[in-house]
Protein chains: 2
Amino acid sequence: MSSPSSSTVGMPRQALQQEQIGQTAIVLLDDGGIESLSMRRLGSRLGITAAALHWHVRSRHDLLLLAADTVWGQIPLPRLEDLEWRPALLAMADNLRSMLSRHPWLLTAMTLQPLDGPCRDRHDEHLIAFCETSGLTRQDAEQAAHSIVAFALGAALATAPGRYVSFGLQSILDGVEAGLAAHR
Amino acid sequence: MSSPSSSTVGMPRQALQQEQIGQTAIVLLDDGGIESLSMRRLGSRLGITAAALHWHVRSRHDLLLLAADTVWGQIPLPRLEDLEWRPALLAMADNLRSMLSRHPWLLTAMTLQPLDGPCRDRHDEHLIAFCETSGLTRQDAEQAAHSIVAFALGAALATAPGRYVSFGLQSILDGVEAGLAAHR
DNA sequence: ACCTGAACACCGTTCAAGT
DNA sequence: ACCTGAACACCGTTCAAGT
């Protein structure tokens, strides 16, 4: 994304480097939080200077963006044919919750800048798709999906003791069901 | 909290200083986010050195704690006698939302450390109290209150376009009502 | 009690210069 | 194309020393 993309065949070194940089950044972030990810520290883990790292990635912000979308990509997405919408949405919410507990720094990063990325987008679309299989219109499905993500993020932020999570989420799903009944 | 508390009458200088420090910190935080609050910068706003600031406040973390509880204290709490539980909970959720939009750095701070404080506690208790006036048991009221806060925080974090907020929240309130019906 | 100055060990980022 | 070294303008925190 930062290099002018050479005319050679298949991004031979650059892409790999980029991925390795992201993985190593996540290691630093996972133990020590966002404060322990520095250009100098990450550089030395990779065997290069902080200045050299700036050749591969534009800024520390871009680094967070890269790491963030990587962990969004780690969330397993249940297949649309395998589950009914309600257990599917519960499973997706739980997968999100468990990702956030593995990578708590993501919440911090999300408050510092909007973290759009292909994997985040794919996750959102998948959630909306499941909502739609319940019979909701596209618009309502978007609202429901957004509410589920919001609740999962907020519950992680407020460090809910676990059992608290279920009440709000169940209510939202009940709300989906009620919306269905009304539209029919 | 950091001084041994002199034996004189009514915390004459120290308390005022503490409050002034908090207010000035919030000014810095409000325009520029968490990154723009530094001991050096805050110190110079107050006319003292960063080192001098460390005499008043133990660390930058303590500073964030002070600022955070201050803005929690700014949320207006509707009186218990004035409103029915449902409009009251909606109002409290909206007051929280508007505080978070005025002080976006609070979300960042909350992800960095648990931010307990007297004002935050008071807000939680008030929310629980309103839930209890609906007829919920103490335990259920705590779950409902926790869910409302989680949703408000998450919605602010996901930067909902505003209209998205209502669906999830309404569902949670519907869930409260359904819980009532079941228990009766 | 309250503040300064200097020091220590860090930061992100830029840029000329090397290969 | 990829990296280094040095530099710039910052950090939080500690501590001796001043008043």
Verify, without hydrogens or angle tests, whether A/D30 (side chain) and A/H103 (backbone) share a donor-acceptor contact under 3.5 angstrom.
no

DNA chain C nearest-nucleotide lookup for A/A52 and A/S38: closer to the 5′ end is A/S38

Among D/dT13, C/dC3, C/dG12, which nucleotide sits nearest the side chain of B/S59?
D/dT13

Side chain of B/W55 only, heavy atoms from C-beta on: which candidate in C/dT4, D/dT4, C/dA1 is closest?
C/dA1

Give a yes/no answer on whether the side chain of A/H56 brings an N or O atom under 4.0 Å of OP1 or OP2 in D/dA1.
no

Got B/I26 and B/W105 here, is their nearest side-chain heavy-atom distance under 4.5 Å?
yes

Tell me which of A/A50 and B/A50 sits closer to the 5' end of DNA chain D, going by the nucleotide each one is nearest to.
A/A50

I'd like to know if B/D174 pairs up with B/R86 as an ion pair, taking the criterion as any Lys NZ or Arg NE/NH1/NH2 lying under 4.0 Å from an Asp or Glu carboxylate oxygen.
yes

Return the pairing partner of C/dT13 with a 3.5 Å limit on both distances, Watson-Crick or G-U wobble; otherwise return none.
D/dA7

Can you tell me the distance, in whole Å, between the CD atom of A/Q17 and the C1' atom of D/dA1?
11 Å

Taking only the C1' atom of each, what is the distance from D/dA9 to C/dC10 in whole angstrom?
13 Å

Min side-chain heavy-atom separation B/V71-B/L29 under 4.5 Å
no

Minimum-distance nucleotide to B/A51 side chain [options: D/dC3, C/dA6, C/dT13]:
C/dA6

Under 4.0 Å, counting only non-hydrogen atoms across every strand here, what does A/L53 touch: a base, just sugar-phosphate, or nothing?
nothing

At under 4.0 Å, does any side-chain N or O of B/T49 touch on OP1 or OP2 of C/dT4?
yes

Rounded to whole Å, how long is the line connecting atom CG of A/L37 with atom P of C/dT13?
11 Å

Distance between the C1' atoms of D/dC2 and C/dA17, in whole angstroms?
13 Å

Gap between atoms CD and P, on A/Q20 and D/dC2 respectively (whole Å)
13 Å

Counting only side-chain heavy atoms from C-beta out, which of D/dC11, C/dG5, C/dC3 sits nearest to B/R40?
D/dC11

Roughly, in whole Å, what's the span from CD in B/Q18 to C1' in C/dA1?
15 Å

Take atom CD1 of A/I21 and atom P of D/dC2, then tell me their distance rounded to the nearest Å.
10 Å

Are A/R120 and A/D124 close enough for a salt bridge, meaning some N to O gap below 4.0 Å?
yes

Roughly how many Å is it from NE2 in B/H61 to P in D/dC11, rounded to a whole number?
17 Å

B/L42 CG to D/dC10 P, straight-line distance once rounded to whole Å
17 Å

Is any side-chain heavy atom of B/F151 closer than 4.5 Å to a side-chain heavy atom of A/L169?
no

Tell me what B/L46 touches on the nucleic acid: a base, only sugar-phosphate, or nothing, going by heavy atoms under 4.0 Å.
nothing

Rounded off to whole Å, could you give me the CD-to-P distance for the B/E35 and D/dG12 pair?
12 Å

Are any of B/H54's side-chain N or O atoms less than 4.0 Å away from OP1 or OP2 of D/dC15?
no

